[in-house]
Visitor: 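Quick one: the structure is below, questions incoming.
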Amino acid sequence: MIPVNTPLLSGNEKQYLLECIETGWISSEGPFIKKFEEEFSKYVDRRFGIAVSNGSAGLDIAFKALDLGEGDEVIAPTFTIISPIQSIVTAGAIPVLVDSDPLTWNMDVSQLEAKITPRTKAILVVHIYGLPVDMDPILELCEKHGLYLIEDAAEMHGQTYNGRKCGSFGTISTFSFYPNKHITTGEGGMIVTNDEKLSERCKKLRNLAFEPKGRRFVHEELGWNYRMTNMQAALGLAQLEKIHSHIVKKREIGMAYQEGLKNLKGFQLPLARTNYAENIYWVFGLVAETQELCEQTVKKLNDQQIGTRPFFWCMHEQPIFQKMGLFINEYYPVAEKMARNGFYLPSGLGLAPADISEVLKSLL
Ligand SMILES: *Cc1c(COP(=O)(O)O)cnc(C)c1O
C-alpha cells in the first residue's frame, strides 16, 4: 500500500518529546511553545506568532480577532477546504465567492473587484496545493478599499511570492501543522501577524478569553480553548529545523511526477512555476479532461493499493451551506470542473523514489 501521505520525523522530534516527559511540561505551559512561536514567526517574516491547536482554530480566532460579524462581507475562493469559510459563517459574516484560475487553481483575482460592495470588510486568500495566489492585485485592492486581508497559508510553509514569504501578507495569516503539511506537529496551527494588539487579542481568544489583567475566571467575552501543547510545539521545533530539506524533498517529488507524466494524455498537470513562484507541491494534483476519466483512474490506482484524494469540493455546492440559504443558484464553472475531475497522488514527505516509480507505472 502506498498511502496518500506519510510524514517524515527524522530529526530531533524524539529527543524534544522526551524532554517534555522528563520535565513534566506536557500542557500548553512549557518552554517549547514560546520558542516555536518565535522561531516560526521569524521564519515567515512576522513579528508575532500565536500557536494554536490546529489550523482551523487559527482561522476561527482570526475572524473574531478582527471583529468580523453580522452584515460584513468577506470575499473568498469557492475552491478551498471548508475551514476558512466555516469560520466566516460561524462568525456571523457573509462569504462572497469567486471562481478559480484554471491554470494555477487559485482564486481568480480578476474577479475580485466586481464583488466589492460597501459591506465588504475583508478578502480571504487561500493558497492552493503549491502555488501562491497572485498577491499584488489583492494587496492593491485591500489598500484601495480599506479591507483586511486574511491569508490561509496552511499549504505554503516556506513558499514565497516574488521573494516574500507566504504568511507574511495578511493582516492576520494562519498555518496548519497537520501531518500532510510541510512541517507537522500532529495536530496544530499558528497565527502570525505584525500587529501587537491583534496578537494579544488572538492570545486571549485561544485561551477561553481569560482577561490578561482582570480577576481570573471573570470573562468579558467568549473565546475557545484552542491552545497548543508543549509536546506539539516540541515536534514543531524539531520539524522547523528540517524545513528546508522538507521543501527540497517536496519539490523533488513534484519534479519526478512532472517528468514521469509529461506525456500523459487526458490530464492537466500542476504548473511547475509562474512568474512569481516555483511550485512547492504541497500535493501533486491532476485534473482529468472528463469526470469519467478521473473516476476510472482513481479506481485503477486504488485497486493497485495506491492512495489518492479527490480535490476540494466547492463551497457553493456544500449541502450545509445550501441548507443555510447560502450561494443559491451560484455557479463557478472552473472550480466545479476541478472539484469533479481533480484528484491528487501520494505526495507525502515519507514517499520513496520506488513508490513514485510504482505510481507512475500504474498511471502510464
Ligand atoms: C490543512 C488546511 C487547513 C486546516 O488545518 P487543520 O490544522 O487541519 O485544522 C486549513 N486551510 C487549508 C488551506 C489547509 O490546507
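Just so you know, ligand 1 is whichever comes first in the structure, and atom 1 is the first atom listed for that ligand.
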Visitor: Between Lys203 and Glu200 (salt bridge meaning N to carboxylate O under 4.0 Å), is one present in this structure?
Guide: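 Answer for the salt bridge query: yes.
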
Visitor: Enumerate the residue pairs fulfilling side-chain hydrogen bond (donor to acceptor under 3.5 Å, both in side chains) with a member in residues 177-193, sequence neighbours excluded, ordered by first and then second residue.
Guide: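 Those involving residues 177-193 do not exist here.
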
Visitor: Quick test of your reading of the model: are Arg164 and Asp136 salt-bridged, counting only N-O distances below 4.0 Å?
Guide: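 No.
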
Visitor: Which value, rounded to the nearest 0.5 Å, describes the distance between Leu97 atom CG and Phe321 atom CZ?
Guide: 9.0 Å

Visitor: Establish, from distance only, whether the side-chain atoms of Glu196 and Ser199 form a donor-acceptor pair under 3.5 Å.
Guide: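 Looking only at side-chain atoms, Ser199 and Glu196 do not form any donor-acceptor pair under 3.5 Å.
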
Visitor: Under a 4.0 Å heavy-atom cut-off, what residues line ligand 1?
Guide: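 Ligand 1 is contacted, at a heavy-atom distance under 4.0 Å, by Asn54, Gly55, Ser56, Ile81, Ser83, Val126, Asp152, Ala154, Glu155, Ser176, Lys181, Gly188.
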
Visitor: Can Arg47 and Asn194 be counted as having a side-chain donor-acceptor contact under 3.5 angstrom?
Guide: no

